Amino acid sequence: MELDDLQEGGTITPIYGETEVAPAIYPAKTGQGWGNAKNDRWAMLSDAYTGAGGFASATYLVPHRREEKSSFSLRKIKARYANDYKSIINALVSPIFRKDAVRTWEGATEMQEEILAKFLLSASQNGNDYPTNMKTLSRNSRKYDTGYVMVGAPKETAENMAELSSKLPYLVHVTPGQVVEQVMTDNSVLELFAWAGTRIIKDKETDIVYEYTPGTYRVYIKRTLETIELEKNALGYVPVFPLWAEENEHPSEDPNPKGTAYSLATIALRRYNLASIIDEISDGSAYPLLAITGDSGAQDLDLGINNALVLPEAGSDAKYLQPDYKVLTTLYDSQFAGLTNEMYTSANVLYMRDAAQSAESRQQEGERTQEILGDFAKSLTQVDSKVMQTVLNYLGFTNVSYEVSYGTDFGNRSMEQDIEAYKVLKEDSTLSPVARELIAMRITKQLLAGVPDSEMKLIEESMANGNKGVRTLAV
């Protein structure tokens, strides 16, 4: 197939058809390479979040240089992974989605609004709605320090608006471990993006690569490099958009910089190994070895908890040999607990762990958390806008403009704290009626989280009109 054989204005081939599955992370097996020397890094980050892979199989444990294979094998069986990494990652994502983002369409006709609403309800081929896809993108960004979302469209073009509603664009998430090749400008614009996947070809699952450039879209078999699809990219740009967890000042030089996620995962990896050592010392303290004096013969003794070590030196009293329990205490208090605090502190979410944190410290950390989440929400807003603009381009809705806002309040204040604050503020004579109304409205929204937007709108209108027809919030 040659490009010259295609007509102008060609459409985009669907990325994942009926016989294809979008992998959660590729490759599934550590160390596969796949043209990306950092695959082990991505596998570790994924395992740190799920607790699977090297943490579940204990292949991330490092043996001591004098440790016997049998002892190390037993230690691998007993290995355990405390997944604080997942809790921290979720804490850096969930606050942004506690409230629905505000999305507005300007210039859309009634039929266009219906089509766009249908897309929002099922924005990916697995049926997840658009907000859920944006949360998945955000979580991938936090898990891997970078996340990608691709906007695809069905190959068949719609003849009319009625057909268009059944041939909507869709989103596909790509993790850095899937990326085979990418070329990016300093303006964060992709000039080439290729990622790995699988497809059933002749009843056999085959490794393939999807590749986008501003002018083309092609699919080729990884092993033979044989092109099996080649189309013109009617958009004129690569419909793949990166979301970085933190600002990337030089995307053309390093599109996947190591950030907070990598730092947290390496700490989690060290803590995982340290926990195994602590368990080993604890077990040794529970089952000490009895040492007694007598004739030699210890070289033939298979040591265990049901026998004793015979020492050749005479005149020594029998005694139990066991690890110093003070070492165990030191390892846990100064190292394991220290590493755990380091994870939460480096992510600026120590409030999740330290309940005794002072009010001043909690306030300072809350302000910093607000700043971090606010910066991330701004980046997400930009990517969301690019994604939706691409959807509008696919649909041909050139008359529609799109805006989205994820809000600005992502603090770690609880609803109880807001209510207590309101109780104090409502006694303040200097507080304006408008301010009282806004505070009451905020608390009402939290209490009624999950209420349909249409019903919430009626409640807001009623409160604005003096709570006529709605029971006043008793606080």
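Keep in mind that this is a model prediction, so the values were computed, not measured.
By the neighbour-count criterion of 12 heavy atoms within 6.0 Å, atom CD of Glu113 is densely surrounded, having more than that number from other residues, nucleotides or ligands. The number of heavy atoms from other shown groups lying within 6.0 Å of CD (Glu191) is above 12.
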Problem set entry | Stepwise salt bridge (charged side-chain N to carboxylate O under 4.0 Å, His left out) test for Glu229 and Arg218 | CA-CA 5 Å; Glu229 288 183 23; Arg218 73 168 179 143; over 6 Å; no

Exercise. Can Ile228 and Ile201 be said to form a side-chain contact (heavy atoms from CB on, under 4.5 Å), step by step?
Worked result: CA-CA 10 Å; Ile228 56 178; Ile201 300 178; 3.9 Å; yes

Problem set entry | Working for side chain to side chain donor-acceptor pair (under 3.5 Å), residues Tyr237 and Thr390 | CA-CA 10 Å; Tyr237 60 89; Thr390 301; 2.9 Å; yes

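Taking all atoms of both residues into account, the shortest heavy-atom contact from Tyr85 to Ala265 is CE1-N, 3.7 Å. The nearest pair of heavy atoms linking Gly197 to Tyr210 is CA-CE1, 4.1 Å. Closest approach of Pro255 and Met184 over heavy atoms only: CB-CE, 4.1 Å. The shortest non-hydrogen separation linking Arg142 to Ile89 is O-CD1, 3.4 Å. The minimum heavy-atom distance linking Thr185 with Pro251 is given by the pair O-CG, 3.5 Å. When all heavy atoms of Arg139 and Val93 are compared, the closest pair comes out as CA-CG2, 4.0 Å.
Across Thr136, Asn128, Asp129, a single residue satisfies side-chain hydrogen bond (donor to acceptor under 3.5 Å, both in side chains) together with Thr132, and that is Asp129.
Listed by chain and number, the residues in a ring-ring contact (aromatic ring centres under 6.0 Å, His included) with Phe193 are Tyr148, Trp195 (sequence neighbours excluded).
With ring centers used as reference points, Tyr272 lies 6.0 Å or more from Tyr60.
Looking only at distances, no side-chain donor or acceptor of Asn140 sits under 3.5 Å from a matching main-chain atom of Thr175.
Atoms CE and OG, from Met388 and Ser401 in turn, are 12.5 Å apart once rounded to the nearest 0.5 Å. To the nearest 0.5 Å, atom OG1 of residue Thr146 and atom CG of residue Asn248 are 7.0 Å apart. Rounding to the nearest 0.5 Å gives a distance of 6.5 Å between CG of Leu168 and CG of Leu395. From Leu339, atom CG reaches atom CD of Glu342 across 6.0 Å, with rounding to the nearest 0.5 Å.
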All N/O donor-acceptor pairs, side-chain side in residues 374-381, below 3.5 Å, sequence neighbours left out:
residue : atom : partner : partner atom : Å
Ser379  : OG   : Asp375  : O            : 3.4
Thr381  : OG1  : Ala377  : O            : 2.8

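For the pair Ser124/Tyr130, no side-chain contact is recorded, criterion being any heavy-atom separation below 4.5 Å from C-beta on.
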